[in-house]
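Have a look at the structure below, then the notes.
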Amino acid sequence: MEVTGEDVRAVVASLAETVEQFAWGMPIFKVAGKLFLTLPEEETSMAVRCPIIDRDELVLAEPAKFWIADHEANNPWVRVRLAALDDREELTAIVTDSWRLAAPRALLEDAGS
């Protein structure tokens, strides 16, 4: 499956209180006003929230899929090459995890997360 920016948007649209905006020359996505995903590199990748320890393990395990942008090295973000994703299920899991890390507690409780 070839994952596209439109596939990312479809997953984001299924999550509560999300909005797409444009900043830093790219589409960005927020939940309840808090950034949780960007679509840089002409929408061939996405940047998502990820605890640093988990991020580092992902990059070591699958460097063809995950990498760390230099300016995000000290922040809990990881880049994901869309073409390297296995399927829509993997895309959904990654986007949803990032959303959960940014969403306010009350929204998570309402969503049953």
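Values below: every heavy atom of this structure, side chains too, minus hydrogens, waters and symmetry copies.
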Could you check whether any side-chain heavy atom of [X] comes within less than 4.5 Å of a side-chain heavy atom of [Y], counting everything from C-beta outward?
X   : Y   : value
R88 : V3  : no
T18 : K30 : no
R79 : P40 : yes

Interatomic distance, [X] atom [atom1] to [Y] atom [atom2] [nearest 0.5 angstrom]:
X   : Y   : atom1 : atom2 : answer
S98 : W77 : OG    : CH2   : 5.5 Å
S45 : L85 : OG    : CG    : 10.5 Å
L91 : D86 : CG    : CG    : 11.0 Å
F22 : I28 : CZ    : CD1   : 9.5 Å
L15 : F36 : CG    : CZ    : 6.0 Å
T92 : D7  : OG1   : CG    : 9.0 Å

| field | same_hphob_cluster(V12, L108) at 4.5 Å side-chain heavy-atom cutoff | value |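 Same hydrophobic cluster.
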
| request: Establish whether L58 and I68 are linked, either directly or via other cluster members, by ILVMFWY side-chain heavy-atom contacts under 4.5 Å. | output: yes

| task | Among residues two or more places apart or on two chains, list those pairs meeting side chain to side chain donor-acceptor pair (under 3.5 Å) that have a residue in residues 8-17. | result |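 For residues 8-17, and leaving out neighbouring residues, the side chain to side chain donor-acceptor pair (under 3.5 Å) pairs sorted by first residue read E6-R9, R9-E20, R9-E43.
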
| Residue E42 excluded, over 12 heavy atoms near CD under 6.0 Å | no

| field | Closest non-hydrogen atom pair, L107 against A103 | value | CD2-CB, 4.1 Å

| query | Which pairs pass salt bridge (charged side-chain N to carboxylate O under 4.0 Å, His left out) with one or both residues in residues 47-63, sequence neighbours excluded? | reply |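 Counting only pairs at least two positions apart or across chains, the salt bridge (charged side-chain N to carboxylate O under 4.0 Å, His left out) contacts touching residues 47-63 are E62-K65.
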
| message | Between E41 and R81, does the salt bridge (charged side-chain N to carboxylate O under 4.0 Å, His left out) criterion hold? Intermediate values first, please. | response | CA-CA 10 Å; E41 287 90 37; R81 289 175 181 85; over 6 Å; no

| query | Can you tell which of V11, L35, L39, V48 makes a side-chain contact (heavy atoms from CB on, under 4.5 Å) with F29? | reply | L39

| said: Please check this pair: side chain of W24 against backbone of T38, looking for a donor-acceptor N/O pair closer than 3.5 Å. | reply: no

| request: With side chain to side chain contact (heavy atoms under 4.5 Å, CB included) as the test, would you mind laying out the steps for T4 and L82 before giving the verdict? | output: CA-CA 7 Å; T4 67; L82 297 182; 5.8 Å; no

